[in-house]
Participant: 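Would you mind keeping the following structure in view while I ask a few things?
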Amino acid sequence: METFPKTRIEITIEAPILSRVTQTLDSFPISGYSVLPVISGRGHDGSWSIAGQISDAGRMLMIICIVDPSKAEAILQAIFPIVQGQIGIVTTSDVRVIRQDAF
Amino acid sequence: MDLAIQNLLSPMVLFFALGLAAASARSDLNVPDSVAKLLALYLLMVIGFKGGVQVALNGLTFGLIATILAGIALSFIIPVIAYGLLTKMSKLSSVDAASIAAHYGSISAVTFAAVTGSLSLLGLPYEGYMAAVAAAMETPAIFSALIIARRADGMQQGPLIPPHLLREVALNGSIVMLLGAFAIGIATGERGYTALKPFLTDLFPGFLCLFLLDMGLVAGRGLGQGRKYLSPAVVGFAVLMPFIGAALAALLARMIGLSVGGTAVFMTLAASASYIAVPAAMRLALPQANPAIALTLSLGVTFPFNLIIGIPLYIALAKTIAAP
């Protein structure tokens with residue numbers, strides 16, 4: 001089967017700043033993104049869990065966005081000032097998709 | 001002493017202790033996060049709605065307006081005192097000190113619910129509009145802390161509070177729920193209260209106990225993770241600050257002429273520290289601050305201190321301070 005090269009951007013970020021990131025993504029001509037809850041993990045300050053958290057401050061979310069490689073750099077440039085001071089991780093990876101026209 | 005024992009043996013305190021004990025013993029007991037969030041929304045809805053109904057029943061009285069203005073003033077001033085104390089007592093960075101100061105200037109809805117529950121058990125009435133005062137004291141501390149942080153960092157350029165930040169803080173979900181329920185309470189008055197009474201009043205003690213169980217679990221696990229931040233100086237601050245807030249509130253309550261119950265509630269509000277609205281706002285406004293320090297102090301030290309020792313103490317003091 002023929003597959004096509006794309007860039008997958010993963011942004012793991014604190015829940016309170018979700019709308020800042022999605023508003024920025026919305027300003028780009030991309031086909032979409034998905035937001036997933038992160039259940040638990042461990043970072044510089046030890047382990048944490050979403051269980052029982054009453055405030056959004058203790059929650060982490062992951063945004064997954066698959067875009068054409070030509071758009072990835074501009075998106076990362078726009079996202080960087082938002083996530084720079086926050087807790088989280090931004091990664092990109094090369095992936096292949098089966099529907100070229102969907103992205 | 002009777003008041004302290006009665007408080008210690010109340011279901012609320014015992015469920016909180018159960019959560020703390022379960023977390024300390026590393027039990028897998030937990031409240032699902034969606035349920036925890038629902039409980040927080042329920043709590044804010046009840047407090048806001050009941051406050052609105054009381055305003056609808058009693059109208060805009062001098063006591064209501066004066067106490068709201070006093071509450072807003074306290075919410076602005078307490079962060080300044082807290083910041084000053086933290087920078088003198090500890091080696092925390094200015095941004096961490098400002099973030100913690102915001103938590104202590106704002107209020108804890110659960111502590112508010114706990115003090116009103118204790119007053120109900122004791123048969124001590126309080127001014128119904130205190131929920132409106134709680135709502136008014138929620139956000140000024142956030143802006144006060146932002147101003148402190150900007151001055152501490154020597155930032156002079158740009159607006160004091162950026163408009164997008166103002167919008168994000170004002171539209172924070174918990175603040176919208178509290179103020180929205182308050183407005184609905186005013187609009188529907190006694191008719192609305194009668195329709196919702198089984199949900200708002202009869203179920204409230206049970207839901208509050210479940211909420212406190214969750215708080216105990218979160219506080220216990222937070223203390224386990226955040227122990228490294230608990231230097232004697234910051235723990236001392238977390239115990240001293242409630243007394244300062246309560247003392248200022250007692251003075252203002254006496255000047256306004258609040259009842260014994262109203263004075264106890266006002267003292268408790270000023271003595272409490274936020275862990276619902278402010279932590280989220282601080283992640284937006286002061287992302288450089290370490291959220292674990294403020295949350296460990298407010299939820300792990302000040303909240304249990306107020307629940308177990310503070311509330312009975314504030315009620316006892318209110319009996320001697322309040323206007324006859």
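Side chains included, hydrogens not; waters and symmetry mates left out as well; all remaining heavy atoms used. All of these numbers come straight from a predicted model, not from anything done at the bench.
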Participant: Of the non-hydrogen atoms in A:Arg20 and B:Leu284, which two are nearest, and what is the gap between them?
Facilitator: NH2-O, 3.3 Å
Participant: What distance separates A:Ile87 CD1 from B:Asn290 CG, expressed to the nearest 0.5 Å?
Facilitator: 7.0 Å
Participant: Using heavy-atom distances under 4.5 Å, tell me whether B:Tyr275 contacts chain A through its side chain, its backbone, both, or neither.
Facilitator: both
Participant: Got a sec: does the CZ of B:Phe305 have more than 12 other heavy atoms crowding it under 6.0 Å?
Facilitator: yes
Participant: Examine distances only and state if a side-chain atom of A:Gln86 and a backbone atom of B:Arg283 form a donor-acceptor pair shorter than 3.5 Å.
Facilitator: yes
Participant: Under 6.0 Å from the CZ atom of A:Arg96, do we count more than 12 heavy atoms belonging to anything else shown?
Facilitator: yes
Participant: Is it the case that atom CD1 in A:Ile39 sees more than 12 heavy atoms from other parts of the structure closer than 6.0 Å?
Facilitator: no
Participant: Answer yes or no: does atom NZ of B:Lys228 have more than 12 heavy-atom neighbours from other residues, nucleotides or ligands under 6.0 Å?
Facilitator: yes
Participant: Checking B:Met282 against chain A: side chain, backbone, both or neither under 4.5 Å from a heavy atom?
Facilitator: neither
Participant: Please check if atom CG in A:Leu36 has more than 12 non-hydrogen atoms from other residues, nucleotides or ligands closer than 6.0 Å.
Facilitator: yes
Participant: Taking all non-hydrogen atoms of both residues, which atom of B:Ala280 and which atom of A:Pro16 are closest, and how far apart?
Facilitator: O-CB, 3.9 Å
Participant: With a 4.5 angstrom heavy-atom cut-off, is it the side chain or the backbone of B:Pro291 that approaches chain A, or both, or neither?
Facilitator: side chain
